Amino acid sequence: MENHSLKNTNVGAFALCMLSYLLAGTVSTLMSTYLPVAIPEILGKTVDEAKLGQIGAYLSTAFLVGWMLGGLCLGVIGDKIGRIKTLAFAIFLYGFFTLLTVFVGNWETLLFYRFLAGVGVGGVLLISTVYISEIWPENSRPIALGILAVSFPIGIVLTGSIGVLFAYWRSAFWLGFIPMFLAVVLLLFIPESEQWHQAKPKLMGGTESIFSGTYKRRIVLGSVIFGSVLIGLWAIFSWFPTWIQSLLGKGVDGQQERGLSMMLLGLGGIAGGVVSGFLIKKLGSRNTLMLTFAGCFVACCLLFLTNTRFSPIIYFETALLSLFFGISQGALSSYIPELFPINIRATATGFCFNIGRFFTATAVFFVGSLVTFFGGFGNALLSFSLTFLLALLVAFSNREPESLTASTLK
């Protein structure tokens with residue numbers, strides 16, 4: 001009876017984490033959806049493309065910086081005060097500042113709101129992953145984490161539906177009420193991670209440094225693997241439509257080809273995230289990651305070396321690449337938290353996840369310069385696929401046990 005009750009609690013906790021993860025994806029892209037109509041209304045005048053692009057860039061940067069800081073800072077707090085309190089705070093934070101956007105009167109205030117919403121989103125993506133990795137049964141944990149990981153892109157897809165349902169942009173941001181409600185439900189009804197409770201005596205004696213002893217090597221390992229994959233993934237995602245357009249003849253609009261290709265990147269990623277858990281269960285995290293990184297590199301070579309003009313085969317090759325992308329993200333959500341003991345898990349995982357985002361934001365800007373150097377978008381994007389080989393080599397070099405959980409609880 002007790003096991004049945006625990007199972008129901010875990011399912012309820014997973015459902016709340018998944019909803020908060022999904023809504024984080026929606027909140028992340030909601031402003032971009034309404035940007036062309038929201039900014040002119042806020043400024044009270046017609047805005048040209050240059051000004052709109054400038055303000056949009058500021059808003060996106062503020063959100064991403066908040067996301068990175070949220071992942072780093074709330075990870076430390078999550079190790080100190082517990083997963084549930086920190087997760088509830090992060091969910092409430094992004095919900096509250098999404099809701100306040102309904103009443104925003106100037107774009108500088110909107111910038112502040114987007115920054116704090118980003119802090120909340122960064123915290124949710126980290127702490128919900130760590131929490132599920134601690135409460136879910138080991139035999140099906142990778143599957144649960146894979147499904148959790150795909151909630152974010154599903155939330156992004158949901159943003160398109162909201163854009164259709166709500167013509168007036170301020171109405172869409174009432175969405176913030178939902179995560180605020182979820183935060184209260186989570187705090188009142190979902191128990192703290194038992195593994196965190198068992199590790200609490202260590203925490204009371206002072207938090208270990210994530211850069212000490214064995215953990216220093218694992219921090220470097222996790223950061224290099226996650227950062228390398230993220231750089232390759234975002235460089236390709238950001239410039240893929242432009243590469244597709246470059247394959248089409250002059251005067252061809254290319255809207256359908258670009259749209260279908262990006263849709264396949266998204267859908268393949270979702271499918272890959274779901275599949276990742278089953279692969280980990282069969283092969284283990286390390287073997288799944290090595291297979292995936294090799295697949296990403298081969299798929300990139302197939303796409304960017306064999307196509308000099310657009311043909312329907314590109315759709316198949318795009319779907320194959322995105323499937324490997326999705327598997328990598330699902331597998332990393334399972335692999336990286338398990339590298340660290342519970343008393344530093346959120347801090348260390350947050351560092352690995354978010355230091356990679358900092359380097360990604362920098363590296364993606366270099367694609368434009370590399371186009372001239374390599375003589376085309378295809379060659380430039382192929383150069384970024386080398387990051388998957390780097391991730392493969394680092395994963396291959398790590399022959400330590402994948403999980404420190406058991407040793408932490410002894």
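Residue numbers run from 1 in the order of the sequence given. Quantities reported herein were computed from a predicted structural model and do not represent experimental measurements.
Taking the six-membered ring wherever Trp is involved, the centroid distance between the rings of Phe226 and Phe353 falls below 6.0 Å. Taking the six-membered ring for Trp, Tyr131 and Trp196 have ring centres at least 6.0 Å apart. In summary, the aromatic rings of Trp174 and Phe103 are positioned with their centroids under 6.0 Å apart. Proximity of the aromatic rings of Phe97 and Tyr113 is defined here by a centroid distance below 6.0 angstrom, and this criterion is met. Proximity of the aromatic rings of Phe384 and Trp243 is defined here by a centroid distance below 6.0 angstrom, and this criterion is not met.
Applying the side chain to side chain contact (heavy atoms under 4.5 Å, CB included) rule to Ile81 yields the partners Ile77, Lys85, Thr86; only residues at least two apart in sequence or on another chain are considered. Remark: Glu134 engages Arg83, Arg345 in a salt bridge (Lys or Arg N to Asp or Glu O under 4.0 Å) (not counting sequence neighbours).
Of all non-hydrogen atoms in Met180 and Gly95, the two that sit nearest each other are CG-C, 3.8 Å. Across all non-hydrogen atoms, the minimal contact from Ala149 to Ser333 is CB-OG, 3.9 Å. Nearest heavy atoms, Phe63 versus Ala117: CE1-C, 3.9 Å. Pro179 approaches Leu23 most closely through the heavy-atom pair CD-CD1, 4.0 Å. Across all non-hydrogen atoms, the minimal contact from Ile236 to Cys300 is CD1-SG, 3.6 Å. Nearest heavy-atom pair across Ser20 and Tyr94 is O-OH, 2.7 Å.
Using bins of under 30°, 30° to 60° and over 60° for the plane-to-plane angle, the ring pair Phe92/Phe96 lands in the parallel bin. Ring planes of Phe325 and Phe388: tilted class, angle from 30 to 60°.
Side chains of Thr29 and Thr159: a donor on one and an acceptor on the other come within 3.5 Å. Tyr58 and Glu108 form no side-chain donor-acceptor contact under 3.5 Å, judged by distance and modelled atom types alone.
Note: Ser311 OG to Ile314 CD1 = 5.0 Å, rounded to the nearest 0.5 Å. Atom CG of Leu230 and atom CD of Gln329 lie 6.5 Å apart (nearest 0.5 Å). To the nearest 0.5 angstrom, Ile156 atom CD1 is 8.0 Å from Thr26 atom OG1. Expressed to the nearest 0.5 Å, how far CG of Leu125 lies from CG of Asn354 amounts to 8.5 Å. To the nearest 0.5 Å, atom CG of residue Leu381 and atom CG of residue Asn379 are 9.0 Å apart. Here the CG atom belonging to Leu182 is positioned 6.5 Å from the CD1 atom belonging to Ile91, to the nearest 0.5 angstrom.
Annotation: side chain of Met263 is in contact with side chain of Leu267 (closest heavy-atom distance under 4.5 Å). Contact of the Phe240 side chain with the Leu303 side chain is registered, since non-hydrogen atoms from C-beta on lie closer than 4.5 Å. Two residues are said to be in side-chain contact when any heavy atoms from C-beta on lie closer than 4.5 Å; Cys17 and Leu148 meet this criterion. Residues Ser228 and Val394 form no side-chain contact, since every pair of their non-hydrogen atoms from C-beta on lies 4.5 Å or further apart. Side-chain contact between Thr349 and Cys352: absent, with no pair of heavy atoms (C-beta onward) separated by less than 4.5 Å. Looking at Ile154 and Leu158, their side chains never come closer than 4.5 Å, going by heavy atoms from C-beta outward. Put simply, the side chain of Leu35 reaches to within 4.5 Å of the side chain of Leu52, judged on heavy atoms.
Arg170 places a side-chain N or O within donor-acceptor distance of the main-chain N or O of Val102, the cut-off being under 3.5 Å. No donor-acceptor pair under 3.5 Å is formed between the side chain of Arg141 and the backbone N or O of Ile135. A donor-acceptor pair under 3.5 Å links the side-chain atoms of Asp79 to the main chain of Ala346, judged by distance alone. In terms of modelled atom types and a separation under 3.5 Å, the side chain of Arg258 and the main chain of Gln245 share no donor-acceptor contact. No donor-acceptor pair closer than 3.5 Å links the side chain of Ser140 to the backbone N or O of Trp136. For the pair Ser334 (side chain) and Leu145 (backbone), a donor-acceptor distance under 3.5 Å is absent.
The local environment of CZ in Phe211 is crowded, with over 12 non-hydrogen atoms from other residues, nucleotides or ligands closer than 6.0 Å.
Partner of Trp169 under the side-chain contact (heavy atoms from CB on, under 4.5 Å) criterion, chosen from Thr33, Ile39, Val37: Val37.
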